[in-house]
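Lettering follows sequence order; numbering is per chain, from 1. Nothing here was measured: the structure is a model prediction, and the numbers come from that model.
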2 protein chains.
Amino acid sequence: MPSFGKAGSKTAPTMSDVARLAGVSAMTVSRALRHDGAVSQKTRDKVLAVVDELGYVPDQAAGALSSGRSGLVGMIAPALVNPIFGMVARGLNDTLTPLGLQLFIGFSDYGAEREEHMLESMLRRRPEAIAIASDSRSERAARMLLNAGVPVVEFLHRPATPIRHVVAVDHVAVGRAVARHFAETGRKRLAAIVGRERQTSNTTDRAEGLREGARQAGLAPVRLISAGGPLALAEQGVRAAAEILDNLADIDAVLCPHDITAIAVIGELRRRGARVPDDVAVFGFGDHEVARHTLPALTTIGFNAGLMGVEIGKLMINAFEAARLGRDAAPFNLTLDFEVIVRDSA
Amino acid sequence: MPSFGKAGSKTAPTMSDVARLAGVSAMTVSRALRHDGAVSQKTRDKVLAVVDELGYVPDQAAGALSSGRSGLVGMIAPALVNPIFGMVARGLNDTLTPLGLQLFIGFSDYGAEREEHMLESMLRRRPEAIAIASDSRSERAARMLLNAGVPVVEFLHRPATPIRHVVAVDHVAVGRAVARHFAETGRKRLAAIVGRERQTSNTTDRAEGLREGARQAGLAPVRLISAGGPLALAEQGVRAAAEILDNLADIDAVLCPHDITAIAVIGELRRRGARVPDDVAVFGFGDHEVARHTLPALTTIGFNAGLMGVEIGKLMINAFEAARLGRDAAPFNLTLDFEVIVRDSA
DNA sequence: GTGAAAGCGCTAACAC
DNA sequence: GTGTTAGCGCTTTCAC
């Protein structure tokens with residue numbers, strides 16, 4: 001029985017431990033494990049048997065260092081508690097797993113500074129591609145992405161000046177569609193809930209679309225309700241509802257940044273005696289799985305978040321292929337469809 | 001101007017590139033970057049200036065290989081779309097970040113096989129600790145955890161035979177508390193929605209507690225409603241509601257695995273003409289942020305998921321400290337409080 | 001089909 | 001306070 005590592009605290013077996021026990025070289029173990037190159041069936045079986053017996057698990061840090069491939073794809077999203085990002089992660093992960101790539105997820109909590117830190121620590125792991133949905137972004141973070149040297153896919157929201165590839169929903173078009181719906185259903189005075197002041201984001205884009213749509217329909221100018229950070233979706237809704245009731249009593253329709261916010265808006269509005277949709281129509285975003293089950297059922301915007309993840313993955317695969325051929329994948333700009341889902345709240 | 005890498009596609013600068021330009025050795029760069037050991041202020045400034053100029057980002061795979069510390073903590077959870085896990089991740093991440101540790105998240109989609117794969121690929125990254133919430137777990141996965149050689153913290157649900165540390169909610173006690181509430185409010189025939197057949201899980205534990213509580217209160221035996229997988233929380237609720245209406249018409253109270261499920265149950269029940277809570281009382285779980293805003297507002301169980309993450313992190317830190325002293329941290333078993341939140345649905 | 005040598009980019013250990 | 005040497009555990013490359 002060979003001993004590896006210093007006595008006492010047993011160290012994990014290495015590839016050469018396996019090699020020794022299998023009576024082959026480390027190189028052969030490496031090949032057997034990666035189904036790479038030609039290893040005879042007999043040798044492979046022997047190696048795998050030893051691997052199993054030892055419970056050997058390859059050290060990917062070593063492999064990454066040696067091969068120059070980390071096997072990692074980074075994804076940075078504003079928040080993990082928002083199920084939209086969970087669904088994107090799932091789609092992306094499913095697309096990447098067959099290639100032997102692992103998804104490394106970081107979340108920024110909607111903070112540019114935190115995002116920058118996340119990105120920096122992610123870059124230390126040398127990801128082979130990066131998917132990022134920013135709410136706001138520091139100059140330095142933008143520079144890091146530009147110089148990352150790997151495919152970067154921005155998603156959910158199309159920035160004014162994309163790094164390279166984008167998979168997004170056209171939030172301005174969403175806003176216009178919502179305005180159209182409000183106009184068609186006789187609403188006159190629209191409002192949009194937006195986050196705290198910041199650079200352009202998907203929320204402000206939708207508000208912009210709503211404003212455009214309202215103007216075209218000859219409605220009153222859209223009021224913006226700033227009601228706190230997006231981390232507390234429901235809390236934001238409560239504040240917004242209070243703002244409407246207290247200071248914007250003439251508002252008869254409101255677009256919310258998220259279905260969860262919309263539910264809270266409705267709850268608070270009703271609690272304080274307003275009727276939904278009679279007094280105020282409430283429009284959500286995201287088609288959260290509960291949206292169809294609440295009372296009133298939420299009128300909202302649906303889009304396929306899982307598909308978004310899949311498309312991000314496909315874009316990356318495409319870029320890998322291009323790089324393999326020594327080329328650069330042309331910037332790719334994908335706009336995913338959305339759907340106006342009319343239920344009862346608006 | 002020194003050139004690194006082969007011409008054409010520029011390679012990322014390495015530590016020795018920085019060293020050369022700063023006129024010091026690589027070791028000094030390493031120290032300057034890690035605020036470790038003694039580096040004169042002057043030297044450090046010089047080094048950092050070059051780092052900045054070059055946009056140098058250390059390769060952590062190399063560092064990990066050399067130091068034996070990956071800087072990674074793994075977390076495996078059943079699903080990312082369930083905000084409970086997002087909140088745990090946030091708490092854990094916040095606790096770990098000050099130590100320079102990154103959270104590496106994997107999700108199993110409630111499948112033992114997928115969990116095993118996730119765990120295996122995670123182990124290749126040599127995490128310094130592992131947090132895992134399993135819904136079901138393969139023998140092999142259990143063995144891998146046992147032999148991981150790093151602190152393992154199981155969370156949310158206390159397994160029959162824990163690997164070592166546990167931070168959980170007492171789901172059986174939750175079930176009993178729910179039974180008590182139902183009994184006190186005059187309910188006679190209870191049901192619990194559980195996932196598809198599987199080993200013990202937090203859902204079945206709560207059902208077990210409900211059963212115990214019902215027995216003690218002299219109520220009819222609890223009916224179990226198996227309504228599909230936990231990935232589609234709302235879908236599960238719709239099915240369960242149908243099952244109640246179609247085949248279990250005498251049920252007057254139901255415990256749901258999740259608030260989202262509860263909302264769907266209520267929606268479907270009402271859609272089909274049943275009144276909540278008059279005909280059927282509906283109890284949720286998790287105190288999701290919308291729970292207080294739906295109509296009727298959800299009666300549910302609340303617990304602090306963020307705190308759970310923080311406690312997991314503290315346990316890990318404690319175990320690191322013990323290991324540093326050559327000891328093994330004693331198995332730690334933390335049970336987090338929960339709260340019965342009575343609102344309108346039950 | 002298999003092996004030997006070299007080296008990936010860092011850091012531990014020790015020397016000065 | 002700083003440098004040198006060696007080596008972490010793999011994979012690349014090339015030889016056989």
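In terms of heavy-atom proximity, B:P13 sits nearest to B:Y56 at O-CD1, 3.2 Å. For B:K46 against B:A22, the heavy-atom pair with the smallest separation is CG-O, 3.8 Å.
Formation of a donor-acceptor pair under 3.5 Å by the B:T43 side chain with backbone atoms of B:V39 is not found in this model. Between the side chain of B:S70 and the backbone N or O of B:R126, at least one donor-acceptor pair lies under 3.5 Å. Side chain of A:H165 to backbone of A:F332: a donor-acceptor contact under 3.5 angstrom is found. Checking side-chain atoms of B:D109 against main-chain N and O of B:G111 turns up no donor-acceptor pair under 3.5 Å. With hydrogens and angles ignored, the 3.5 Å screen pairs a side-chain donor or acceptor of B:T95 with a backbone N or O of B:G91. Judged by distance alone, the side chain of B:S66 and the main-chain N or O of B:G63 form no donor-acceptor pair under 3.5 Å.
Contact check, A:S25 against C:dA4: no side-chain N or O comes under 4.0 Å of OP1 or OP2. For C:dG3, one of the phosphate oxygens OP1 or OP2 lies less than 4.0 angstrom from a side-chain nitrogen or oxygen of A:T28.
The nearest whole Å value for the distance from the CZ atom in B:R69 to the P atom in C:dA12 is 9 Å. We find that NE2 of B:H35 is positioned 17 Å from C1' of D:dG1, with the value rounded to whole Å. When rounded to the nearest whole Å, the span between CG of A:D17 and P of D:dG9 equals 9 Å. If you take CE of A:M27 and P of D:dT13, they are 11 Å apart, rounded to a whole angstrom.
Judged purely by distance below 3.5 Å, without hydrogens or angles, the side chains of B:S134 and B:E115 pair a donor atom with an acceptor atom.
Across the helix from C:dG1-D:dC16 to C:dC16-D:dG1, the helix axis at one end is tilted relative to the axis at the other end by 30° (nearest 10 degrees, each axis from five pairs).
Partner of B:R137 under the side-chain contact (heavy atoms from CB on, under 4.5 Å) criterion, out of B:L119, B:I163, B:I76: B:I163 alone.
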Protein-nucleic acid N or O pairs under 3.5 Å, nucleotides 7-10 of chain C:
from   : atom 1 : to    : atom 2 : distance (Å)
C:dG7  : N2     : A:S66 : OG     : 3.0
C:dC8  : O2     : A:S66 : N      : 3.4
C:dG9  : N2     : B:A62 : O      : 3.2
C:dC10 : OP1    : B:Y56 : OH     : 2.5
C:dC10 : OP2    : B:M15 : N      : 2.9
C:dC10 : O5'    : B:Y56 : OH     : 3.3
C:dC10 : O2     : B:S66 : OG     : 3.2

Restricting to nitrogen or oxygen on both sides, can you table the protein-nucleotides 14-16 of chain C pairs closer than 3.5 Å?
none

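Within a 6.0 Å sphere centred on CD of B:E113, other residues, nucleotides and ligands contribute 12 heavy atoms or fewer.
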